[in-house]
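Below is one structure; the comments refer to it alone.
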Amino acid sequence: MATHCKDYEFLQIEPHWQTFWETHHSFRAVDDTSKPKYYVLDMFPYPSGAGLHIGHPEGYTATDIIARYKRAKGFNVLHPIGWDAFGLPAEQHAVKTGTHPAANTAANIANFKRQIKALGFSYDWERELATTDEKYFRWTQWIFLQLFKRGLAYVDERPVWWCPELRTVLANEEVVDGKSEVGGFPVERRNLRQWVLRITAYAERLLADLKDVDWPDSTKRMQEAWIGRSEGAEVSFALENEKLGALKVFTTRPDTLFGCTYMVLAPEHPLVDALTTSEQRDAIAAYRRQAAAKSDLDRTDLAKGEKTGVFTGSFAINPVNGARLPVWVADYVLMGYGTGAIMAVPAHDERDYDFAVQFKLPIIQVIDSGKPDQKLPFIDDGKLINSGPFNGIDWNEAKKRLTADLAAKGRGKTTVNYKLRDWLFSRQRYWGEPFPIIWVTESDYAKAAAHPASAADLPSSPVTYKDSATDTTWFALPVAASTLPLVLPEVQSYLPSGNGESPLANVTEWLEIWLNLATGAFVPASQPRPDGCNWIRGRRETNTMPQWAGSCWYYLRFIDPKNDKTFADPKLLAYWGVPDLYVGGAEHAVLHLLYARFWHKVLFDLGVVPQSEPFTKLFHQGIILGEDGEKMSKSRGNVVNPDTINTSHGTDTLRLYLMFLGPLEAMKPWNPNGIEGVHRFLQKIWRECLSREGEVNSKITLDDSAAESAEFVKLFHETIKKVGDDIENLRFNTAISQMMIFSNALQKAERVNRRTVLGFLQLLAPFAPHIAEELWSRLGGTTVSVLQAAWPQFDPAKLVSTEQKIIVQINGKKRAEFLLPVGSNQDAAFAVAQAHSDVTPYLVGKNLKRVIFVPGKILNIVIE
RNA sequence: GCCCUCGUGGUGGAAUGGUAGACACUAGAGACUUAAAAUCUCUUGUCCGUAAGGACGUGCCGGUUCGAGUCCGGCCGGGGGCACCA
C-alpha cells in the first residue's frame with residue numbers, strides 16, 4: 001500500500017496517501033448513533049480570488065489534529081468544510097467583466113478546494129456545501145420565513161451610503177474618506193427601504209446565555225459590550241408648549257437630575273420641527289442637513305475636537321425642581337440609542353460638559369465626592385448637593401429615591417436600555433439570497449390573511465411600507481415555503497437599477513407576477529391573469545440578503561447536507577447536536593457569532609433545534625504575521641503562500657511548522673528558518689524507521705524482544721501522556737517539542753521495539769499524517785492505515801520514578817541538587833543537604849531560621 | 001478616552017508560586033568525507049574569572065511570600081477591540 005521510495009520523498013508520499021484516504025472514504029462521517037460523536041468545525045472560508053492565505057491552514061491544521069485524534073480515541077467525528085460564497089468581490093467582478101458571479105465563484109471554490117486538499121485535511125468532502133447553492137439557500141430563505149412569521153423581520157427606512165454618480169448603494173468599506181472607493185465620487189447618506197431583523201428582542205437572552213458557553217473571556221466581554229445593557233430611568237420632561245406633550249429621555253444618572261441645565265435632541269428626533277421657533281428655523285434646518293450627511297462614525301470622529309449644535313428656541317421643565325431648560329439639537333446625541341433625547345448634566349458628564357463650555361450654558365455641581373480637588377466634569381461617586389430635599393444622600397441611594405419619586409408622580413420609571421440595534425438585513429445587490437417576499441396591496445393581503453393556505457404564514461401584524469411617490473402602502477406577503485428556493489434570475493447587467501434598488505428591479509419577468517394564494521404558484525404578470533379566484537397581483541422584493549445570512553446556520557446543514565425535506569433531520573440534529581469545538585479568527589468575535597446565536601435561539605424557540613446555543617466551545621487562532629513582523633498584505637509583499645511550502649518541504653512539514661510556531665492563540669511572525677527545523681525532525685524519524693535502501697531499520701526489533709532501557713520506556717509513556725494532554729488543550733507546540741525529545745532519544749537508542757516505534761507514529765499521525773501512514777505501512781503496522789489503530793495508552797506505572805531530584809536553596813537561591821528516593825521526608829533531605837559540599841559552606845557560622853520542604857521538589861534553608 | 005491582551009537569550013518560544021531559558025532556529029568548534037552536502041557530538045543569556053566558581057538576569061518601580069516570569073499596586077512600550085450609548 002505504501003510507496004517504495006528510499007528517501008523521504010514527500011512529493012510522492014503525500015499525494016499517494018491523499019488518494020488512499022479519498023478512495024477509502026476514510027473521513028466519511030457515518031450517522032452511527034451507537035458511537036459517541038465529536039463535531040469539530042472551522043469557520044468556513046470566503047473563497048476569494050487570491051486563494052488560500054497562510055492563516056487558513058493554521059486553524060484548519062489545529063482542527064484536523066483534533067479530528068484525527070478524536071477518531072483514534074473512538075469518537076464518530078464530523079469534520080466538514082464548505083464555502084461562504086456570496087460576497088461583494090464576486091459581484092464587483094461581475095459588474096466589471098459582465099460574467100455571472102456564479103462562474104467566478106465556482107472557479108475560486110475550485111482553487112480553494114485544490115489548495116485545501118493538498119494540505120491533507122481529514123474533511124468529509126461528501127458534506128461539502130456552498131451558501132450560493134440553491135439547495136442550500138432554499139433553507140436560508142425558509143429560516144427567514146420563520147423569522148418573518150414570528151414578527152422578527154420588518155421593513156424600515158434606514159440611512160445608507162449613496163453615490164449619485166455611480167447611482168448605487170455602497171458598503172462602508174467601499175467608502176474611503178467620504179468618496180466612493182471606485183472612481184472617487186462624492187457619496188451621501190440616503191434613507192432607503194431596508195429589511196431589519198429584530199435581534200434586540202433577544203438582547204437579554206444573548207447576554208444571559210453567555211455564561212453557558214466555553215468561550216474566551218475576551219470574546220464574551222466583547223459581546224457583552226456590544227449588547228451594552230445599562231440600567232437607568234426613563235424621565236418625562238414637560239415642555240413649555242404643553243400641546244407638544246412631554247419629552248422623554250433615558251438616563252443612567254437620575255441622581256444628577258438637579259444638575260440638569262439643558263436638554264438635547266438628536267437631529268432626527270421627531271419633535272425637532274415642532275420645538276423649533278421661527279427665528280431658529282433656518283439654523284436648525286441647515287444643521288439637520290449637515291448631520292444627515294454624516295454617518296454615526298463620522299459624528300464620533302469629528303466630535304473629538306469640538307461639539308456642534310443649535311438652540312431650538314424652546315424650553316422644557318425639570319420635573320424635580322421646575323427649572324426652565326433650553327432644548328438644543330446636537331449630533332452628539334444619537335437617535336438610535338435610548339429615546340434620542342437626553343437631559344444634559346454638564347457637571348457630571350464629559351460630553352455635556354464640553355458642550356456647555358462651548359455654548360456657555362450653566363454648570364451646576366450636584367455630586368460631592370468629599371475630596372479636596374473636585375475638577376469638573378466629575379463622574380465618580382459621592383453625596384448629593386444642590387439637590388433640595390435629597391442633599392446629603394449617597395448617589396446610589398439617590399438613584400432609587402429620585403426614580404421612585406418620579407414614578408409616584410407618573411413622570412418616570414426604571415428601564416433597561418441596550419446599545420444593540422436591530423440588524424440591517426438587506427442589501428441592494430444581485431449576488432445574495434433573494435427575499436422570499438412579494439409586495440401586494442392591502443386588499444390582496446386581506447385575501448391572503450383569510451385564505452387557509454397562506455394565513456398561518458403571516459405575522460400577527462402585517463409588515464408594510466409606504467411608497468411616498470405613489471402614496472401607496474404595500475403589504476409583505478411571504479412566498480409559499482413549498483415553492484422555495486426562490487432563485488436569482490439571469491440579468492442583463494449586474495449594475496444596480498439606479499434608483500437605489502438592486503439589479504433585480506430591472507428583471508420585469510421575474511419581478512412582476514400573478515400569484516396563486518392556494519398553491520403558491522406564480523406566472524409573469526406580462527401574461528394574462530390565469531383563471532380562478534385565487535390569483536393576485538404582486539411585485540417581488542428586490543433586496544437580497546447580506547453575506548451573514550448563509551453563515552448563520554451552516555453548521556446545522558453539515559449535519560444533514562443533502563436533505564431536501566427539511567434543513568436537517570431532527571434525529572440527526574439530536575445526535576450530532578452543535579459543534580463541540582469551533583475554531584476561527586477573533587475578527588468574528590461579535591458580528592458572525594452574535595448573529596448565529598440569534599438565529600439559533602429563534603430555531604430553538606421554534607422547537608427545531610434541541611439546544612439554545614450554537615457553539616459550545618470556541619477558540620480563536622492567532623494571526624500569523626509576515627517575516628517582518630507586520631500584518632501580511634500584498635502591498636507589503638510579505639505574504640506566504642501555502643502552495644510554495646507544499647512544494648519545497650511538503651505539507652506535513654507545513655502543518656507541523658504552523659503548529660510549532662507558538663501557541664495557537666498567539667499572534668506570531670513567520671520565520672522561514674524554523675521550517676528547516678521541523679523538516680529535519682521528520683527526516684530524522686524517516687531515517688530511524690528506514691534504512692538507506694528503504695528497508696526497516698535494523699535497530700528496530702520486529703518481534704518486540706529488545707530490552708529497552710527503563711529511561712527510554714519511561715520517556716515513551718511520558719510522551720504518550722503529554723501529547724494526548726496537549727492535544728486536548730490545543731497546545732500543539734509543546735506536543736511537538738515532546739515528540740522531538742522522544743525522537744532524539746529514539747535516535748540514541750541502540751535497539752528499539754517495533755511496537756514502540758509504531759506507537760510513536762500514531763502520536764505523530766494527527767500532526768503529520770502522510771509520513772505517519774507511510775512509515776506505519778512500511779514497518780508493517782497492525783492495521784492497513786494508522787487511522788484504524790486505537791490511540792496508544794500510557795501505563796501510569798511506567799511513569800513512576802524511584803528517585804526524585806531535590807533542589808536545595810539557601811534563602812531562596814539554588815545552591816545544590818541531589819537525588820533522593822521517592823517519598824523521602826524533610827529530615828532525610830535536610831541531612832543530605834547539610835552534608836553536601838555545595839551547601840555546607842553557606843551554613844557555617846549561620847543561624848538556622850527556618851526550613852521549607854516541598855516533598856520531591858525543593859528544600860529551602862532560611863538562615864541569618 | 002475605555003476595555004482586552006502581550007512584554008523572557010541573537011530569534012520563535014518553554015516553565016501547576018518551587019532548578020528561568022525545555023524544544024527549535026541562528027552562530028561557533030569538532031567527528032565522518034579526497035572534498036562538500038547530509039548526519040552526528042560539543043558550546044551558545046550577560047558580566048567577572050585561565051579555571052573552579054561567583055554576581056546579575058523574565059519591560060521599569062514598589063509590594064506580598066521561605067521562594068515571584070507567574071500573585072498585587074503603579075508606570076512604560078507593542079498589538080487588538082470599542083467608542084459622543086446619555
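Every chain is numbered from 1, with letters handed out A, B, ... down the list of sequences.
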When all nucleic acid strands are considered with a 4.0 Å heavy-atom cut-off, which category describes [X]: base, sugar-phosphate, or nothing?
{"X": "A:K220", "answer": "nothing"}
{"X": "A:Y262", "answer": "nothing"}
{"X": "A:R692", "answer": "nothing"}

- Query: Can you give one letter per nucleotide of nucleotides 25-36 of chain B, going 5' to 3': B for a protein heavy atom under 4.0 Å from the base, S for sugar-phosphate only, - for none?
  - Reply: SS----------
- Produce a footprint string for nucleotides 18-23 of chain B: one letter per nucleotide, 5' end first; B if the base is under 4.0 Å from any protein heavy atom, S if only the sugar-phosphate is, - if neither. BB--BB
- Between the side chain of A:Y287 and the main-chain N/O of A:D331, is any donor-acceptor distance below 3.5 Å?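 Answer holds: yes.
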- Message: Donor-acceptor check, side chain of A:N318 to backbone of A:L257, threshold 3.5 angstrom: yes or no?
- Response: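 Yes, A:N318 side chain to A:L257 backbone: donor-acceptor pair under 3.5 Å.
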- Pair A:R229 + A:E224, salt bridge at N-O below 4.0 Å: no
- Is the A:F716 ring parallel, tilted or perpendicular to the A:F742 ring (thresholds 30°, 60°)? tilted
- Give a yes/no answer on whether the side chain of A:Y337 brings an N or O atom under 4.0 Å of OP1 or OP2 in B:A83. no
- Query: Is any side-chain N or O of A:K419 closer than 4.0 Å to OP1 or OP2 of B:A86?
  - Reply: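 Looking at the OP1 and OP2 atoms of B:A86, neither is under 4.0 Å from any side-chain N or O of A:K419.
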- Message: What is the distance, to the nearest angstrom, from the CG atom on A:D725 to the P atom on B:A15?
- Response: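 Distance check: A:D725 CG to B:A15 P gives 13 Å.
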- Return yes if the base of B:C84 and the side-chain atoms of A:K307 contain a donor-acceptor N/O pair under 3.5 Å, otherwise no.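 Between B:C84 and A:K307, which were checked side chain against base, a qualifying N/O pair under 3.5 Å is present.
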Enumerate all atom pairs, one protein N or O and one N or O from nucleotides 1-10 of chain B, separated by less than 3.5 Å.
{"residue": "B:C4", "atom": "O3'", "partner": "A:R221", "partner atom": "NH2", "Å": "3.3"}

- On a whole-Å scale, what distance lies between the C1' atoms belonging to B:U8 and B:A68? 14 Å
- Task: Could you tell me whether A:K668 sits above the aromatic face of A:W670, with NZ or CZ closer than 6.0 angstrom to the six-membered ring centre and within 45 degrees of the axis?
- Result: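 Pair A:K668/A:W670 does not count as cation-pi.
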- Message: Here's one to test your reading of the geometry: is the NZ or CZ of A:K307 within 45 degrees of the ring axis of A:F355 and under 6.0 Å from its centre?
- Response: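 No, A:K307 and A:F355 do not form such a contact.
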